[in-house]
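For reference, the structure discussed in these notes is given below.
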Amino acid sequence: MSVGRNSLVAALDIGTTKVCCFVAKPDGQGGSRVVGIGHQVSRGIKAGAVVDFDLAESAVRNAVEAAERMAEERVEQVIVNVTGAQAQAQTVGVEVAIAGHQIGDADLQRVLDQTQAHGAQPERRLLHAVPTDFTIDGNRGIRDPRGMFGANLGVMLNLVSVADGPLRNLELVVQRCHLEVADRVLSAYASGLATLVEDETDLGVTVLDMGGGTTGLSVFYGGSLVFADVIPVGGQHVTNDIARGLATPVAQAERLKTLYGSAIPSPSDEREMLAVPQIGEQGADAVQQVPRSMLVGIIQPRIEETYEMVRERLEASGHARIAGRRLVLTGGASQLTGARELAARVLDKQARTGRPLRLQGLAEATQGPAFATAAGLVAYSLARPFDVVGRTQARAASGRFGRFGRWLKENF
Ligand SMILES: Nc1ncnc2c1ncn2[C@@H]1O[C@H](COP(=O)(O)OP(=O)(O)OP(=O)(O)O)[C@@H](O)[C@H]1O
Ligand SMILES: [Mg+2]
């Protein structure tokens, strides 16, 4: 199989707690249908970054092979997510002189070529460079400058860069599985592409991808990505807090969290008693009765602190205002009872849970918020949002500009 050549798409979400591969085909109506799913407990990944090549390789291999078997297709190229590589986002303006002639395709090409230079930083790699609008002699809000006159043509771009080392480690794991990396997409960006509706991306929305080892953050406005960030705290930290606080094994802490946990207290918590198996104990002493309020008392501060970090990052980004009143929570850890209510309160927004939209063929088990990133990688490949770096870099320059013309047509 080859991504692009026969329209099959293979998306690979390498997460801290799970690795997931979706093989999808176009459904003929502008959407796509998943024909193969492989899903595996993750190993060798910490806070989204590779910490053990052998373990990570075998987890990826197993997930991809399972998806291949179900799809009855061979996967050769994958679109992979990037999480644990210290993402940084910035908006830059790039300008070129046009000396008074009518602006044409060649001028657009020149201004976009400048982008690469702007994004270049030592030890970092540009992951996304999304043009949002053009300027002529400093006047903003021009959607298609071709045919216009002026002295200087500028483009506003949203750049997302990541640390080079963790990205190369991730690529190496994929290559060790004899797969080629067709594209790299920031996880929180992909999760937004899968879960948001058009009105949200137009009017301004914040996406929180609450994973096992990370909480990803992305902001969309005017139809495109404007900001992204990653906080290295996720559901695993909550589980570990519970294990430590209640002196119970991690597997028991995970069970207690998903079955009885909540991010907000309720009046009955004092009365409701939970049986908590104690670490290292056996027999009658092995189980302690603990009020649910104790469990909630461990969970709430951690989640609250994470949301406060999100609020600080948003404020520091300068995008807090355009991020809007709308918040979409996704990722496995967003399923915690009360997570949505607490987020709405701390971030002062209207919150909803985001699940993969517009993707056919997902079984019940893979329709949940934990699969937003994988679904978003498929969405990225289908929607082909114009990205000066992403896919265009890998292809010939001619294809690159042809697509930009189409992108202008489709988006403006
Ligand atoms: N019902 C639930 N209630 C609370 N937490 C849950 C629930 N279901 C799953 N989780 C948590 O979701 C987390 C896993 O989420 P997800 O699968 O999105 O992570 P990941 O993509 O592997 O990690 P990351 O994105 O950080 O690399 C785990 O910490 C798990 O405890
Ligand atoms: Mg994830």
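Whatever order the structure lists ligands and atoms in, that order sets their numbers, starting from 1.
Nearest to atom 5 (N) of ligand 1 among the protein's heavy atoms is K257 CE, 3.6 Å. Atom 1 (N) of ligand 1 has its closest protein heavy atom at Q335 CB, 3.7 Å. Scanning the protein heavy atoms around atom 20 (P) of ligand 1, the nearest turns out to be T17 OG1, 3.5 Å. When only non-hydrogen protein atoms are considered, atom 25 (O) of ligand 1 lies nearest to T214 OG1, 3.6 Å. If you check which protein heavy atom lies closest to atom 23 (O) of ligand 1, you get G212 N, 3.0 Å. Nearest protein heavy-atom contact of atom 31 (O) of ligand 1 is E254 OE2, 2.5 Å.
Considering backbone and side-chain atoms together, T258 places no N or O closer than 3.5 Å to any N or O of ligand 1. Inclusion of A370 in the set of residues having an N or O under 3.5 Å from an N or O of ligand 1 is not warranted. Between K18 and ligand 1, a contact under 3.5 Å exists for at least one N or O pair. Backbone and side-chain nitrogen or oxygen atoms of G213 are examined, and one is located within less than 3.5 angstrom of a nitrogen or oxygen of ligand 1. Between D209 and ligand 1, a contact under 3.5 Å exists for no N or O pair. Considering backbone and side-chain atoms alike, G332 places an N or O below 3.5 Å from some N or O of ligand 1. Backbone and side-chain nitrogen or oxygen atoms of T16 are examined, and one is located within less than 3.5 angstrom of a nitrogen or oxygen of ligand 1. Polar contact with ligand 1: absent for T239 (N/O pair, distance under 3.5 Å).
D27 and S32 share no donor-acceptor pair across their side chains, judged by distance under 3.5 Å alone.
Put simply, the side chain of D229 never gets that close to the backbone of L217: no donor and acceptor are under 3.5 Å apart. Not one N or O on the side chain of R325 forms a donor-acceptor pair closer than 3.5 Å with the backbone of G204.
Counting the atoms of ligand 1 from 1 in the order shown, those under 4.0 Å from a heavy atom of L336 are 3 (N), 4 (C). Which parts of ligand 1 touch G331 is read off a 4.0 Å heavy-atom cut-off, strictly below it: atoms 18 (O). Each of the atoms 29 (O) of ligand 1 lies under 4.0 Å from some heavy atom of Q236. Listed by number with element, the atoms of ligand 1 under 4.0 Å from a non-hydrogen atom of A333 are 11 (C), 12 (O), 13 (C), 15 (O).
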Distance-only donor-acceptor pairs under 3.5 Å for side chains of residues 11-22, two or more places apart:
| residue | atom | partner | partner atom | Å |
| --- | --- | --- | --- | --- |
| D13 | OD1 | N81 | ND2 | 3.0 |
| T16 | OG1 | G48 | N | 2.9 |
| K18 | NZ | A370 | O | 3.1 |

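The residues D107 and R146 are annotated as not salt-bridged, no charged nitrogen and carboxylate oxygen being separated by less than 4.0 angstrom. R345 has no carboxylate O lying under 4.0 Å from a charged side-chain N of E304, or vice versa, which leaves the two without a salt bridge. The pair D164-R125 meets the salt-bridge criterion, since a charged nitrogen lies less than 4.0 angstrom from a carboxylate oxygen.
Checked against salt bridge (charged side-chain N to carboxylate O under 4.0 Å, His left out), E305 has the following partners two or more places apart in sequence or in another chain: R302.
One distance of note links OG1 of T215 with CG of L208; it measures 7.0 Å at 0.5 Å rounding.
With ring centers used as reference points, F371 lies under 6.0 Å from H39.
F227 and H319 have tilted rings, their planes meeting at an angle from 30° to 60° on a 0 to 90° scale.
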